[in-house]
Chemist: 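For reference, the structure I am asking about is given below.
Only a predicted model underlies this, so the values are computations on that prediction, with no experimental measurement involved. Residue numbers start from 1 in every chain, and the chains themselves are labelled A, B, ... in the order their sequence lines are given, proteins ahead of strands.
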There are 2 protein chains.
Amino acid sequence: MQDRNLSRVPGLPGPDSQFATIGGPAIQAIPLRGGDGEAHQLLSASDRRDLAMIASIRHIDAGAQLFEAGARAQAIFNIVSGVAKVSEDLADGRQATVAFFFVNDLLGMFESDHYIYTGTAVTPLTVYCLPVDALERLLLREPSLQMHFLCKLSHELRASQRQAIALRRYSAMQKMALFLDFMALHPEMQVDATGLMKIPMSRADIADYIGLTTESVSRALHRLCNEGIVELVTSHQFRIHDRARLDRLVGGDGAVSLFRQKGG
Amino acid sequence: MQDRNLSRVPGLPGPDSQFATIGGPAIQAIPLRGGDGEAHQLLSASDRRDLAMIASIRHIDAGAQLFEAGARAQAIFNIVSGVAKVSEDLADGRQATVAFFFVNDLLGMFESDHYIYTGTAVTPLTVYCLPVDALERLLLREPSLQMHFLCKLSHELRASQRQAIALRRYSAMQKMALFLDFMALHPEMQVDATGLMKIPMSRADIADYIGLTTESVSRALHRLCNEGIVELVTSHQFRIHDRARLDRLVGGDGAVSLFRQKGG
DNA sequence: CGTCTACTTGAAGTGAGTCAATAATGGTGG
DNA sequence: CCACCATTATTGACTCACTTCAAGTAGACG
């Protein structure tokens, strides 16, 4: 590991320290109990302080590896800024993208002490490293903090299942619409007040993620454009023009959230 | 809820009680730390006793609903015997099967106090009901038990991601092979010592789950048969004839580990 | 034993994949 | 700052695996 990128989070931070600036680890998810169905930051100030005590900050260059599949899992990671992905490596050098991670997400899943996937920085990344040994001790000591981790994992599972449903039943255009909708959910992807959004990842990443080829991604994107549903400003910036039709594509035809309308 | 199907688990069970017979709730998963990469029953005798104290047993007929999407989540369920599925209801009355659950699995995921999916018994089912309020109190009191729930959830997430990878990259025959392999993992699906296995769910359930139509499921299954990889004894019983070729399909051709072969 | 549902089989259509050829982008050094 | 090169994205033509539509058959259950 590149220790030059590693700096200790001060236990008793002064007003100018990095800790004071970014406030310690944070976790965003929809609560299990109560709440309005929206994602919130789950951790209390004291939770975040406890986590900061065992955490260190690390900066990762875009494209660099955060952890590697099969390696011994020493830490899990909490994103402060930037976007990461986890993928399964294929022997031909390509990868199957399993999920993307944004600010206030946790990544670094492991099984029997070893990382399952490879984690890579999509953009320059700032993360808290949470060493698993110390984290496990902390979670056993602080059951209510552990409950937040359980909630986050549940949220992650939900996202993965939603993804699987889309992979089964959506057309290329619907998948693309879902992906853009997904990006639009993350405020940090917003470029300016006009609703201009970034797409930080490559076509190959998107294609792997939504189960298409890069060619089909390109075609679907341009078809959404031609239909006036979105505007493609550059190949990595877009703006949603017709939110209603986008929603109809994503939720509508044969799928999930039509149901939500029924209920409401 | 149908209270006639509900019976209290005795706190201090005698040798003839149901508790003594089935030993209390149990959870099967690959441990996060240590272990050999195999799934184990995670709970200690005392964990199981604690859970039994708040649990009740319920029997569900095949095809009956265990819980419904959108309903207030009063309990989660731990399977003692039988198979269950969770699905998302679609507007046209069909359902998208999200996952199947077997002995020692947990189901009943919720968000903001409400079930996300609908849970249905695929076969006659015996479950422990774990009321969420009591369970939450217990987990906060017993952090090491909570850690096992966290591990199970992680295991579930892994399964969902594996499923998503298969949905992206596998052909119909590979998906079918993967499904049969998946069934073969569950010892309780074994009919006899000759390796005869049950398929308790309908073609429609399978099709939804692996992202095909019922017709394609049928065709893929019969093609595996014609190639001598499996034997279809009845439409809901099979036997694996050529384990090596099945493994090659599941891990191999066109997907993840084909590239492993190329590389090697 | 008849009816109903679930499964199988066949024929024809189509959406996304593949292969191949540009076109744009972005990073680098002159 | 611009020109160059390597990478990434787009576009087109063609193919094919799975879907769709349409019968037909077999199991399950009263």
Chemist: C:dC7, D:dT10, C:dA16: which one has an atom nearest the side-chain heavy atoms of A:H222?
Modeler: D:dT10

Chemist: With side-chain contact (heavy atoms from CB on, under 4.5 Å) as the test, pick out the partner of A:L66 among A:L107, A:T118, A:T120.
Modeler: A:L107

Chemist: Determine: side-chain N/O of B:S202 to OP1/OP2 of C:dA6, distance under 4.0 Å, yes or no.
Modeler: no

Chemist: What is the distance, rounded to the nearest whole Å, between atom CZ of B:R168 and atom P of D:dA17?
Modeler: 22 Å

Chemist: Whole angstrom is fine here: how far is it from CD in B:Q237 over to C1' in D:dG27?
Modeler: 13 Å

Chemist: Mind checking B:T234 for me? I need base, sugar-phosphate or nothing, with any heavy atom below 4.0 Å counting as a touch.
Modeler: nothing

Chemist: Is it true that, when you exclude A:R243 itself, more than 12 heavy atoms of the residues, nucleotides or ligands shown sit nearer than 6.0 Å to its CZ?
Modeler: yes

Chemist: Could you give the NZ-to-P distance, from A:K175 to C:dA16, as a whole number of Å?
Modeler: 8 Å

Chemist: How long is the line joining CD1 of B:I206 and C1' of C:dT8, in whole Å?
Modeler: 14 Å

Chemist: Test for a donor-acceptor pair under 3.5 Å between the base of C:dT18 and the side chain of A:R219, counting only N and O atoms.
Modeler: yes

Chemist: Any side-chain N or O of B:T213 under 4.0 Å from OP1/OP2 of D:dT19?
Modeler: yes

Chemist: May I ask you to verify if any side-chain N or O of B:H236 is less than 4.0 angstrom from the OP1 or OP2 atom of C:dC7?
Modeler: yes

Chemist: Return the value, rounded to whole Å, for the distance between atom CD1 of B:I210 and atom P of D:dT19.
Modeler: 9 Å

Chemist: Tell me: CG of B:D205 to P of C:dT5, nearest whole Å?
Modeler: 17 Å

Chemist: Atom CZ of A:R169 and atom C1' of D:dC18: how far apart are they, to the nearest Å?
Modeler: 14 Å

Chemist: Under 3.5 Å, is there a donor-acceptor pair between the side chain of B:R168 and the main chain of A:A207?
Modeler: no

Chemist: Here's a test of your reading of the structure: between B:A204 and A:R223, which maps to the more 5' nucleotide of DNA chain C?
Modeler: B:A204

Chemist: If only side-chain N and O atoms of B:R203 are considered, is one of them under 4.0 Å from the OP1 or OP2 phosphate oxygen of C:dT8?
Modeler: yes

Chemist: Atom OG of A:S81 and atom CZ of A:F102: how far apart are they, to the nearest 0.5 Å?
Modeler: 13.0 Å

Chemist: Assess the residue pair A:E227 and A:R245 against the criterion (side chain to side chain contact (heavy atoms under 4.5 Å, CB included)); give the C-alpha distance rounded to whole Å, side-chain angles, the decisive distance to 0.1 Å, and a yes or no.
Modeler: CA-CA 10 Å; A:E227 306 232 347; A:R245 277 210 289 165; 3.8 Å; yes

Chemist: Please give, in whole Å, the distance from D:dT8 P to A:D208 CG?
Modeler: 13 Å

Chemist: Of the nucleotides C:dT18, C:dT9, C:dG17, which has the atom closest to the A:E215 side chain?
Modeler: C:dT18

Chemist: Nearest to the side chain of B:S218, heavy atoms from C-beta on, is which of C:dT18, D:dA9, C:dT9?
Modeler: C:dT9

Chemist: For B:V217 and for A:S171, find the nucleotide of DNA chain C with the closest heavy atom, then tell me which residue's nucleotide is more 5'.
Modeler: B:V217

